[in-house]
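First listed ligand is number 1; within each ligand, the first listed atom is number 1. Reckoned from all heavy atoms, side chains included, excluding hydrogens, waters and symmetry mates. Here the structure is a predicted model, which means the values were calculated and not measured.
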Amino acid sequence: MTHAGLYIHVPFCSSVCPYCDFAVTIAGDERRAAYLEALDREIALARGHGLRFDTVYLGGGTPSSLNPDQLDRILSRVETALDLTPDATRHLEINPDDVDAATAAAWRDLGFDFVSLGAQSFDDVALGFLGRKHRAADAFRAAETLRDAGFPTVSVDLIFGFPGQTVGGWRRQLETVLSLGVHHLSCYQLTVHDGTIFGRRSSRGELLELDEDDQAELYLLTHELLCAAGWEGYEVSNFAAAPSHRSKHNRKYWNHTPFLGLGPSAHSFLGRTRWWNRRKLRMWTRALEDGRSPIGGEEEITVDELFFEAVMLGLRTADGIDVEDLQQRFGAEIAVVDERAVERLAEEGQLRCEGRRIQPTPRGMAIAEGLVRSILP
Ligand code: SF4
C-alpha cells in the first residue's frame, strides 16, 4: 500500500544566500512563536484529508534553526493529529552552524533518521562565493558529528557548476564526501534565479554561468567517482551508498505519490490536484490566525499533463519508466512513446532498454529534460 508524504516548511534562516529563491525570512522569537501557533492549526486542518503518512520531512529554510523543544512540539502535534505508520521516517534539513554533539543527540532522540547537511561545499573560496556563513572546517566537523551521532542516514548537500569551478576542484569535493563515511549525497547544479542577488548580477553581466559542456563533465565525473566507490546515482541529483539510504520521502515527488505540504509556500499533490500555500510568512500566519485557508492557489492537472510529468520524473531516476505500466495507468492512446527515438537514444548511449522498461544512463540523466522531449511524439 502506498502512503502519503508530509512536508513541513520552516522558513527561517540566519541570512539569505544570494542564490536562494525559496520562501525564507530572517525572523526573531516573536514571529517564530506565531509560526509555531499557526502550524499547530494547519496540522489540525490537515487531518481532514484522511491520509496516512510514512514520511515526515522538515525542510526550509533552516529547520535546524528551531531548537529541539520547538522541533519536538512540531513532531508531537503531527503524531497526535495525523495518522503515521509505525515505521514513518523523519527527515531533517540541517545547517552546519547549528550542529554540535549535544544538539545532534537531541535530534536523534526526537526520532530523526535521515538528516541532510547543507554543507554546499568543502572549499572556503566556493563558500565565500555562495555567500554562506560557515567555513569548510565547520561543514567537515558537522558531517562528522552527525555521522558519529548514529543517524541511520546522513546526507550531504553540495552545489556544483559555479563559474571557475574546475574538474579537479569538484573531484576533491566528492572525495571529501566519500572520506567522511556518510551515506547519501544530493548535489545540485547552481541555478541563477531572477529576483535573487545572483539573478541581478547575472543580468548585469557580472556573473557568467559555467557552459553546458563543462556542467555535463562535472556531472559525469560525479557518477564515475561515486559509482567506482560502490554508490548508486538513483536520481539526477541524488546518490546513495546503498539502496537502503535512498530518500523515501523524495521518491514520492518523483512517482506521483500524494504528499501534503504545510507551512508558507509548501506545495501539495493529491489525485490530479496540486495546490500551494501563501508564500509570505505573514500572509500564511494571518490566514490561519483568522481561521481562513492558507492556500494561495491550486491547479487541476489534465491526464496528458500527468503522463508528461510521469515520463519526465521517471527519466530523472535510475529506475526509469515502464511503458506497460504507463499504458495501464493512462491508457494506450495517451501513453505513447516514439520507439524510433528510443532506439536511437539507446544506440547513442543515453538510454538503456530492457523489455518495456526504459532507463537513462548517466549521460542521459545529464540531459534528462531533452530525453523526454525526444521520446514523446
Ligand atoms: S540557508 Fe538555504 S534556505 Fe536559507 S537562504 Fe541559504 S540557501 Fe536559502
Given Asn95, which partner from the list Thr62, Leu117, Asp138 fulfils the side-chain contact (heavy atoms from CB on, under 4.5 Å) test?
Thr62
Does atom CZ of Arg282 have more than 12 heavy-atom neighbours from other groups under 6.0 Å away?
no
Here atom 6 (Fe) of ligand 1 sees protein N, O or S atoms within less than 2.8 Å, and their number is 1
Can you confirm whether Arg286 is buried at CZ, in the sense that more than 12 heavy atoms of other residues, nucleotides or ligands lie under 6.0 Å from that atom?
no
Can you pull out the closest protein heavy atom to atom 3 (S) of ligand 1? Residue, atom name and distance to 0.1 Å, please.
Gly61 N, 3.3 Å
Do Val10 and Phe22 share a hydrophobic cluster, counting only Ile, Leu, Val, Met, Phe, Trp and Tyr and linking them when any side-chain heavy atoms are less than 4.5 Å apart?
no
Contact check, side chains of Arg41 and Arg77, non-hydrogen atoms, under 4.5 Å:
no
Taking Ile358 as the starting point, is it possible to reach Tyr234 by hopping between hydrophobic residues whose side chains are less than 4.5 Å apart?
yes
